[in-house]
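Take a look at the structure below.
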Protein chains: 2
Amino acid sequence: MDLQAKNLSAELSKRNIRPSYQRIKVLEYLIKNQFHPTADQIFTGLQGEIPTLSKSTIYNTLNTFIQSGLVRVLNIEDNETRYDIITESHGHFKCETCGAIFNFKINIDSFATEELKGFKVIDKNVYFKGVCPKCLLNINQGKNNRKENVL
Amino acid sequence: MDLQAKNLSAELSKRNIRPSYQRIKVLEYLIKNQFHPTADQIFTGLQGEIPTLSKSTIYNTLNTFIQSGLVRVLNIEDNETRYDIITESHGHFKCETCGAIFNFKINIDSFATEELKGFKVIDKNVYFKGVCPKCLLNINQGKNNRKENVL
DNA sequence: GTAAATATAATAATCATTACAAGTTTAAAC
DNA sequence: GTTTAAACTTGTAATGATTATTATATTTAC
Ligand SMILES: [Mn+2]
Ligand SMILES: [Mn+2]
Ligand SMILES: [Zn+2]
Ligand SMILES: [Zn+2]
C-alpha cells in the first residue's frame, strides 16, 4: 500500500468514505505503524500533527474503516481492542511478556468445515499467546523485559 | 464431569482451591450451563440460591479457576468475557444474530508451527463469527431473531 | 451562495472489571 | 474447645475503554 496522501484519499473515496484530513492521517498511521495499535496509541501518535484531534474522531474513524472492511479488529486482549490494516487472513501471536503482537501465516480455510456445515462464516480469527523468542532469551538470562509494544 | 457436590469439592481441593460454598456453586453452574456464560449470567443464575452473593465473588472465583486451569477464557466478544468449563482445545463460533456461541472440533496443533519456531505457545484460540443455521433459516423466512444466549 | 448533510470535537454517560476495606468463615495451633 | 492467623466474601469505590450526545465546523448539492 502506498503512503501518498493522494492515494490514501483515493483509497477512501473508492470505499465511499469521505477523505477528511483526520481520516487520511489515521489511515496513514495504520499503514506506517503495523504493530496492531490501540485507539489510544493512534490518538497519541497523531496528536502532534493534529493538535485539535479528538479521541472520538479516532473511534468514529476506526469504526467507519471497520464497516467498510478497510481495517480488521483484533480482540486478542481482554481490555483493549487492536486494529490491523492488513485484512488478508493471518494468525496473531501475542507475547504475554513484552506485549508485542506478531503475525503468522495460516491457512484458516483449510480446516473446520465439516462440523460448521450450515453455518455462514463471515469472520475467522486465530489467536495464540505465549512468549516471543526475544523474551525467552532475556528470561533465560535473568533479564526483565518491559511490557511495551515494540514489534 | 459429575455434578455431585462432593465431587466438585474434591475437584477444587485437588487443585488447591478451598471448596467454599460459593466456589462449588459457581463450578456447578459452569458445568450445568455450558453455553459460555458471562460473569453477569453466572451471578444472575446463582442469586436465587445465594441471596448474599456478590459479583466480586464471581470475578474472584473465576480468576481463581482460570489460574488453576479449571476454566478457559473466551475473548470472542469485544465487550464481555465469557467462560468455558471445557478446557480441551476446540474452536468457537459466535452467531452475530442470536449471540449463541457454538463449539466445534479443530486440530489447532496440526498447523502454524513453521513460522512460530522459537516462540513458546501457551494458549491457542480459534474464533469464528457469522450466522448459525437456525438464524439463517429465520432470516430467509423474514423472521427477526432476538439476540439472546440460548445454545 | 444557501441549505442540507456529514464530520469533528468536547464532554458526559455507560458498563465490565478491578481495587480496596471491613466483616466473616475456615483451619491450624495450643 | 478456645485462640489466632490466614483466607474468603461482600459492598462500595475506582478505573478505563468505548459509546452517546450535542454543539460547532465543514463539505456537498442545488
Ligand atoms: Mn496482523
Ligand atoms: Mn467451548
Ligand atoms: Zn516478547
Ligand atoms: Zn443464531
Side-chain angles (χ1 to χ4, degrees), chain A residues 5 8-10 12-13 15-29 36-68 70-71 73-83 99 147 149, chain B residues 5 8-10 12-13 15-29 36-68 70-71 73-83 99 147 149:
Chain A
L8 298 183
S9 179
L12 292 175
S13 296
R15 293 172 185 270
N16 291 316
I17 300 169
R18 224 193 275 182
S20 73
Y21 180 64
Q22 290 85 342
R23 285 171 176 172
I24 290 171
K25 284 300 178 184
V26 169
L27 179 55
E28 188 184 54
Y29 181 93
H36 314 96
T38 64
D40 192 67
Q41 286 175 318
I42 300 168
F43 174 69
T44 305
L46 291 176
Q47 253 186 326
E49 255 180 308
I50 319 171
T52 62
L53 186 63
S54 164
K55 202 172 270 188
S56 299
T57 301
I58 300 295
Y59 281 109
N60 287 339
T61 299
L62 287 170
N63 288 333
T64 302
F65 287 1
I66 290 160
Q67 272 190 307
S68 77
L70 189 56
V71 306
V73 169
L74 301 193
N75 282 325
I76 197 169
E77 321 236 323
D78 43 330
N79 57 336
E80 261 183 313
T81 302
R82 292 181 168 275
Y83 303 90
K147 200 163 197 169
N149 299 302
Chain B
L8 298 183
S9 180
L12 292 175
S13 297
R15 293 173 186 269
N16 291 317
I17 300 169
R18 226 194 275 183
S20 74
Y21 180 63
Q22 289 85 342
R23 285 172 175 172
I24 291 171
K25 283 300 178 186
V26 170
L27 180 55
E28 188 185 54
Y29 181 93
H36 313 96
T38 64
D40 192 67
Q41 286 176 319
I42 299 169
F43 175 69
T44 304
L46 292 176
Q47 252 186 327
E49 255 180 308
I50 319 172
T52 61
L53 186 62
S54 165
K55 202 173 271 190
S56 299
T57 302
I58 301 295
Y59 281 109
N60 289 339
T61 300
L62 287 170
N63 288 333
T64 301
F65 287 1
I66 291 160
Q67 272 190 308
S68 78
L70 189 56
V71 306
V73 168
L74 301 192
N75 283 325
I76 197 169
E77 321 236 323
D78 43 328
N79 56 336
E80 261 182 313
T81 302
R82 292 181 168 274
Y83 303 89
K147 200 163 196 169
N149 299 302

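Below, all heavy atoms of this structure are taken into account, side chains as well, without hydrogens, waters or symmetry copies. Chain letters run A, B, ... following the sequence lines, proteins first and then strands; every chain starts at 1.
Between R23(B) and F65(B), some side-chain heavy-atom pair lies under the 4.5 Å cut-off. The closest side-chain heavy-atom distance from Q22(A) to S20(A) is below 4.5 Å. I66(B) is listed as a side-chain neighbour of N63(B), based on a closest heavy-atom distance under 4.5 Å. In this structure, the side chains of L12(A) and L27(A) come closer than 4.5 Å at one or more pairs of heavy atoms.
Residue pairs satisfying the side chain to side chain donor-acceptor pair (under 3.5 Å) criterion with at least one member in residues 47-61 of chain A, sequence neighbours excluded, are listed as follows: K25(A)-E49(A), D40(A)-K55(A).
No donor-acceptor pair closer than 3.5 Å links the side chain of R82(A) to the backbone N or O of L74(A).
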What is the per-nucleotide protein-contact pattern of nucleotides 4-20 of chain D, from the 5' end, where B denotes a base atom under 4.0 Å from a protein heavy atom, S denotes such proximity for sugar-phosphate atoms only, and - denotes neither? ---SSSBBB----SBBB

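The distance from the CD atom of Q67(A) to the CD1 atom of I17(A) is 9.0 Å, given to the nearest 0.5 Å. One finds the CG atom of N75(B) at 5.0 Å from the OG1 atom of T81(B) (value rounded to the nearest 0.5 Å).
Going from atom CG of L46(A) over to atom C1' of dA9(C) covers 15 Å, rounded to whole Å.
Two end axes, each from the C1' atoms of five base pairs, can be drawn for the helix from dG1(C)-dC30(D) to dC30(C)-dG1(D); they diverge by 30°, to 10 degrees.
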